Amino acid sequence: QHVSQVGPASPERPNLRHVLEAVENDSLASLSAHEAAAAGLRAAADTYGREVHFDGATIEIRPPACVRQGNRIQVPNPSAITFGVGDLEARHLADTTDIALRSIMATAPNRHDLLSVARTFYQAAMETLDDEYASYFERSQGLSPPDRRGITGLEVFASPRGGWVARQPAEDSPAARAGIVNGARVLAINGHSLSDLSFDELSSLRAQADTVTYQIGDNAPITRPLEHGDFTSDAARPVEFDEETGIAHVSVTTFLNPGMSVDLHRTLLGYGDDLKGLVIDFRQNGGGYRQQSLDTLNLFLSGGTAYWIHGRSGTSEARMTGPDAPFAELPVVVLVDGGSASASEVVTGALADRAIVVGTETFGKLANQRVIPLGDGRYVRLTTHELETVSGRAEGLGYVPHYCTSGLEGALTSYDRASLRAALVGRDTACGPEFRLDQPDEEIAIAILADPALYREMLQQQRLRLGQAN
């Protein structure tokens, strides 16, 4: 059977074209679009009882095995579909792949919907790539921005002591109105215990949260309803401002908000001339948009290299900050932990020459993904670039702060100059990643900023160490 005899193009063909062209032309994976297509077709065919054979130049879809029903033997489709793919461009490969998917669907026992066949195809095609971040996902899985019901402001992180702990919800958010505070242990959502859930499972459940059960300290657990609305949480959230010292603590929870850098700029401008020092908190910040990392650095760095971008075929390009950073002279301490990743690591690495970094080794994700929308709330994600910080950190290598708090519990009983020096200096050689949101790292950062002489001394030591490492 010739492939052109299967019928007209399906609505899925443009999506197949976009995905396969991205695999072939943009993805950092070493496998070709043909190999990805073959893996996807093999999985789809296997689901519906057909066989796919791929030898690098030809894809053959064979009919399902004969089926015996009582005394009758049925042969659903005796013919096979064979087509060559070795020299095809991705756009032509998409045409033949679409035909093959519809031929698989046509011989399925229940003539499954094309979207179901396509889902199987995309999942297998992404899984076969040597790209740990490549994936197919759907909005209902909780892996995309909040669903159409609106958001609650409930944000949680994994505690090193076990379980899930709430971040401080933004003022006037539904989570704040439910009484949730920073550090509250989140025990259940919609009556489902969170004790054995993965982060992805929790994300999906959290998107549908109508009730939350939480515990503050040793008090009895509380169950409260959660509203879903149009409330928008600022990504740059003021935590504290000490009017006496002029030190502000601002938590940046994500770079996925396109207005994050604007929020941060507006917040800092609001302090006026009273602002003398800043703790910028990237703990548990999993990253987001690359442009937001550059826009954030434009607030603190004047005319320097922000990061390097490495693309397909070994191409590299530097991203530079603008000439007039409004807070270039402001003393800054950056807080990071094992949950700081991607854009937050880029910003941390770029600031390391002008700001003190305190915390633990970061996650080590400096790969940049492209998300391809497929319609109907479906997406494919591919790694298209890898970033390198100016301090030399690349994919798989977390940023290690010179002033490490990993395993520091109980070792720091006061925040005077001598105690801080003794506790922090020289510990970066064994600075494993930890989740530190419920640890006193912010008190350490504030104490450093409150002592200008200590801040200058520690910044100079950090610069010397960076110079030796580079």
Side-chain angles (χ1 to χ4, degrees), residues 3-48 50 52 54 59 61 81 83-108 110-145 147-148 200 204 289 311-312 367-385:
V3 293
S4 63
Q5 297 174 354
V6 178
S10 79
E12 196 63 26
R13 185 173 294 188
N15 291 332
L16 291 167
R17 183 173 300 169
H18 291 324
V19 171
L20 294 175
E21 285 181 348
V23 170
E24 190 70 19
N25 301 322
D26 302 323
S27 171
L28 294 186
S30 61
L31 295 181
S32 68
H34 305 99
E35 292 168 304
L41 288 172
R42 190 177 295 115
D46 183 65
T47 301
Y48 302 112
R50 307 199 78 180
V52 172
F54 175 60
I59 291 178
I61 302 178
I81 296 177
F83 53 91
V85 299
D87 298 322
L88 291 179
E89 297 178 1
R91 62 189 179 91
H92 294 136
L93 177 61
D95 297 342
T96 51
T97 300
D98 177 54
I99 292 170
L101 285 176
R102 287 184 292 112
S103 74
I104 291 170
M105 183 183 68
T107 57
N110 299 314
R111 298 184 63 84
H112 287 262
D113 183 85
L114 179 61
L115 288 180
S116 177
V117 181
R119 178 186 297 115
T120 302
F121 171 85
Y122 290 126
Q123 287 173 336
M126 294 302 102
E127 288 173 2
T128 199
L129 298 177
D130 49 343
D131 176 357
E132 63 177 308
Y133 303 112
S135 64
Y136 167 85
F137 61 96
E138 298 177 359
R139 176 170 293 168
S140 61
Q141 295 173 314
L143 298 178
S144 59
D147 65 11
R148 294 186 181 94
D200 286 347
S204 179
Y289 299 126
R312 193 177 179 93
N368 190 238
Q369 282 75 50
R370 173 186 172 191
V371 176
I372 303 173
L374 306 177
D376 301 312
R378 303 174 301 141
Y379 305 86
V380 161
R381 178 166 43 208
L382 294 167
T383 298
T384 56
H385 298 86

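Predicted, not measured: the structure shown is a model, and the values here were computed from it. Residues take their numbers from the sequence shown, with the count starting at 1.
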Locate the shortest heavy-atom distance separating [X] from [Y]; write the atom from each residue and the value.
| X | Y | result |
| --- | --- | --- |
| R370 | A22 | NH1-CB, 3.6 Å |
| V19 | L374 | CG2-CD2, 3.8 Å |
| P373 | N15 | O-OD1, 4.3 Å |
| L28 | H385 | CD1-C, 3.7 Å |
| A118 | R378 | CB-NH1, 4.3 Å |
| A36 | A125 | O-CB, 3.4 Å |

TODO: Inspect the contact between R17 and E12 and indicate whether a charged nitrogen and a carboxylate oxygen are less than 4.0 angstrom apart.
DONE: no
Rounded at 0.5 Å granularity, tell me how far [atom1] in [X] sits from [atom2] in [Y].
| X | Y | atom1 | atom2 | result |
| --- | --- | --- | --- | --- |
| Y136 | M126 | OH | CE | 11.5 Å |
| S27 | L20 | OG | CG | 11.5 Å |
| E35 | D130 | CD | CG | 9.5 Å |
| I372 | Y122 | CD1 | OH | 9.0 Å |
| L93 | S32 | CG | OG | 8.5 Å |

TODO: Assess the side chains of T384 and D26: does a donor N or O sit below 3.5 Å from an acceptor N or O?
DONE: no
Open item on the list: Using side chain to side chain contact (heavy atoms under 4.5 Å, CB included), reason through Q369 and L382 one step at a time and then give a plain yes or no.
Closed with: CA-CA 5 Å; Q369 282 75 50; L382 294 167; over 6 Å; no
Task: Check: L101 and F121 side chains under 4.5 Å, non-hydrogen atoms - done: yes
Task: Non-hydrogen side-chain atoms of L31 and T128 separated by less than 4.5 Å - done: yes
Task: Short side-chain to backbone donor-acceptor contact, D98 and A94, under 3.5 Å - done: no
Open item on the list: Checking the side chain of D131 only, and the main-chain atoms of T383 only, is there a donor and an acceptor separated by less than 3.5 Å?
Closed with: yes
